[in-house]
Amino acid sequence: MHKSTSPRRKSFKPYAVASAAFGILGAVGALLAGITPAAAADLANQPDTQIAVFMVPLTLLLLVMLFEVARFAMRGPLPTEAPVRRRQSPEHWSPAQREG
């Protein structure tokens with residue numbers, strides 16, 4: 001079996017546990033604050049809420065993309081590219097073989 005020399009892959013288990021805990025805490029906090037599904041449905045009919053539900057994730061996505069572009073740009077120049085290999089024609093090829 002081939003052994004990889006790359007570093008060990010990062011585990012996302014702590015992030016999954018933390019996000020699940022935040023979700024549960026948020027749900028419990030909403031219930032304790034008196035926000036019920038009916039009240040949330042009334043809130044969702046307001047135009048400001050609909051705009052926020054659309055724009056907040058879109059803005060976060062844009063910020064993450066800008067961060068990734070900046071991180072990539074600050075990494076430094078890319079290594080030089082290898083020259084393009086010419087495609088070689090098969091040996092023993094002739095136009096007569098193609099027609100047959």
Side-chain angles (χ1 to χ4, degrees):
M1 178 179 266
H2 176 73
K3 290 189 177 183
S4 176
T5 58
S6 63
R8 187 171 171 251
R9 201 171 96 175
K10 294 180 181 178
S11 173
F12 291 103
K13 188 174 180 179
Y15 298 114
V17 170
S19 63
F22 282 129
I24 291 170
L25 286 174
V28 169
L31 288 175
L32 291 176
I35 300 174
T36 61
D42 289 338
L43 183 66
N45 286 331
Q46 298 176 2
D48 291 339
T49 305
Q50 294 174 357
I51 292 170
V53 165
F54 174 72
M55 288 303 295
V56 168
L58 188 64
T59 304
L60 290 173
L61 177 64
L62 182 66
L63 290 174
V64 167
M65 288 175 59
L66 288 173
F67 172 77
E68 288 296 322
V69 167
R71 187 174 66 95
F72 187 77
M74 300 300 273
R75 186 178 285 175
L78 295 175
T80 58
E81 293 184 19
V84 178
R85 292 177 50 185
R86 288 183 38 210
R87 185 173 178 186
Q88 297 177 352
S89 61
E91 295 178 24
H92 312 299
W93 181 86
S94 69
Q97 289 178 344
R98 187 173 181 204
E99 295 172 1

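Numbers here simply count residues along the sequence, with the first being 1.
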Other ILVMFWY residues reachable from Y15 by side-chain steps of under 4.5 Å: F12

Contacts of type side-chain contact (heavy atoms from CB on, under 4.5 Å), residue L58, not counting sequence neighbours: F54, M55

Transitive ILVMFWY cluster of L62, excluding itself - 4.5 Å side-chain cut-off: L66

Heavy-atom closest contact (A52 atom, P57 atom, distance): O-CD, 4.0 Å

Listed partners of T36 passing side-chain contact (heavy atoms from CB on, under 4.5 Å), at least two apart: A38, A39

Salt bridge (charged side-chain N to carboxylate O under 4.0 Å, His left out) contacts touching residues 50-70 (sequence neighbours left out): E68-R71

Pairwise side-chain hydrogen bond (donor to acceptor under 3.5 Å, both in side chains) hits with a residue in residues 43-53, at least two apart: none

